[in-house]
Amino acid sequence: MAEATPAPEPDDEQPQGDPQQVQVQHVSALVPETVSAGVFSTGAIVMTGSSEFVVDFIQNLGQPTQLAARMIVPHAVLPQFIEALGKNIDVYSERYGPIPVPPASEQTATNDKSVPQPTPQEIYDDLKVHDDVMTGRYTNGMMVGHTQSEFRIDFLANMFPRPIVTCRVFLSAPQIPRLRDSLARSWEQFCQRKDDSDS
């Protein structure tokens, strides 16, 4: 897996030639032109499969809400993803101070127990899902970088002859702790179910 260090600032990238390349210390990954622009996400849904986690990045900027990207993450890789986000949250906090908390109305909508939360089926019934996103992209590594306002996650497929960026996702800074916490909860639930089935 790629080392979980901040990705280079935009002026450190190498735009010459196709595809682009992103370099982080000793890690170098090809960035195909089709993924270099990336997609913007306003939140994520994490689902657990029998051999992988599916992380759906949602774009809720208009109607209908869209599935912006779907990442297929092997079980063994998820703790590394959680750790990478945690390290980058720490680096962000050292550089800019604590990550801003989302507006109260957004927090209330997600935390108010009296408001019935939609079921996963209801959420996906209302999502616009394009065919090219539905099948998802495989990842077994990631590089995380940030500015003061947003984080960029480059999802990698570390395969011969060299790593390649399979998807690039941008999220606003306040979304990152929520993403990390959601991934951590999914991992804890997975480990608990595994322990229960082994006993």
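Only a predicted model underlies this, so the values are computations on that prediction, with no experimental measurement involved.
For the side chain to side chain contact (heavy atoms under 4.5 Å, CB included) criterion with Ile164, the lone passing option out of Leu30, Asn158, Val31 is Leu30.
With hydrogens and angles ignored, the 3.5 Å screen pairs a side-chain donor or acceptor of Gln175 with a backbone N or O of Thr42. A donor-acceptor pair is defined here as one N or O able to donate and one able to accept, closer than 3.5 Å; no such pair exists between the side chain of Ser182 and the backbone of Arg178.
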Checklist entry - Can Asp154 and Arg152 be said to form a salt bridge (charged side-chain N to carboxylate O under 4.0 Å, His left out), step by step? => result CA-CA 6 Å; Asp154 281 346; Arg152 181 185 73 201; 3.8 Å; yes
Checklist entry - Are Glu150 and Thr147 close enough, and set up right, to give a side chain to side chain donor-acceptor pair (under 3.5 Å), and what steps lead you there? => result CA-CA 5 Å; Glu150 74 272 328; Thr147 66; 2.8 Å; yes
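In this structure, Leu156 CG and Arg168 CZ are separated by 10.0 Å, a value rounded to the nearest 0.5 Å. For the atom pair His146 NE2 and Ser172 OG, the distance stands at 14.0 Å (nearest 0.5 Å). In this structure, Gln192 CD and Trp187 CH2 are separated by 13.0 Å, a value rounded to the nearest 0.5 Å. Atom CZ of Arg185 sits about 10.5 Å away from atom CZ of Arg180, to the nearest 0.5 Å. For the atom pair Ile176 CD1 and Asp181 CG, the distance stands at 11.0 Å (nearest 0.5 Å). Atom CG in Asp90 sits 11.0 Å away from atom CG in Leu85 (nearest 0.5 Å).
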Pair up each side-chain donor or acceptor in residues 126-137 with any protein partner under 3.5 Å, not counting sequence neighbours, and list the distances.
| unit_1 | atom_1 | unit_2 | atom_2 | d |
| --- | --- | --- | --- | --- |
| His130 | NE2 | Gln66 | OE1 | 3.3 |
| Arg137 | NH1 | Thr166 | O | 2.5 |

Please list every donor-acceptor pair under 3.5 Å in which a side-chain atom of residues 45-62 meets a protein atom from a residue at least two apart or in another chain.
| unit_1 | atom_1 | unit_2 | atom_2 | d |
| --- | --- | --- | --- | --- |
| Asp56 | OD1 | Arg70 | NE | 2.7 |
| Asp56 | OD2 | Arg70 | NE | 3.4 |
| Asp56 | OD2 | Arg70 | NH2 | 2.9 |
| Asp56 | OD2 | Tyr124 | OH | 2.5 |
| Gln59 | NE2 | Phe40 | O | 2.8 |
| Asn60 | OD1 | Thr65 | OG1 | 3.0 |

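When every heavy atom of Ala84 is checked against every heavy atom of Val144, the shortest pair comes out as CB-CG2, 4.3 Å. When all heavy atoms of Met71 and Cys167 are compared, the closest pair comes out as SD-CB, 3.5 Å. Contact detail for Leu171 and Gly43: the closest heavy-atom pair is CD2-N, 4.5 Å. The two residues Ile89 and Pro177 have their closest heavy-atom pair at CD1-CA, 3.9 Å. Heavy-atom minimum distance, Pro74 versus Ile72: CD-O, 3.8 Å. Looking at every heavy atom in both residues, Val169 comes nearest to Ala69 through CG2-CB, 4.1 Å.
The other residues sharing a hydrophobic cluster with Met159 are Tyr138, where clustering joins ILVMFWY side chains under 4.5 Å apart.
Between the side chains of Ser28 and Arg162, a donor-acceptor pair is found at a separation under 3.5 Å.
Taking hydrophobic clusters as Ile, Leu, Val, Met, Phe, Trp and Tyr residues chained together by side-chain heavy-atom distances below 4.5 Å, Val39 does not share a cluster with Phe170.
The side chain to side chain donor-acceptor pair (under 3.5 Å) search around Gln189 returns none, not counting sequence neighbours. Remark: Glu188 engages no residue in a side-chain contact (heavy atoms from CB on, under 4.5 Å) (not counting sequence neighbours). Evaluation of the side-chain contact (heavy atoms from CB on, under 4.5 Å) rule for Ala173 yields Tyr92, Ile99, Phe151 as partners, not counting sequence neighbours.
At a threshold of 4.5 Å between non-hydrogen side-chain atoms, the residues Thr139 and Val77 do not count as touching.
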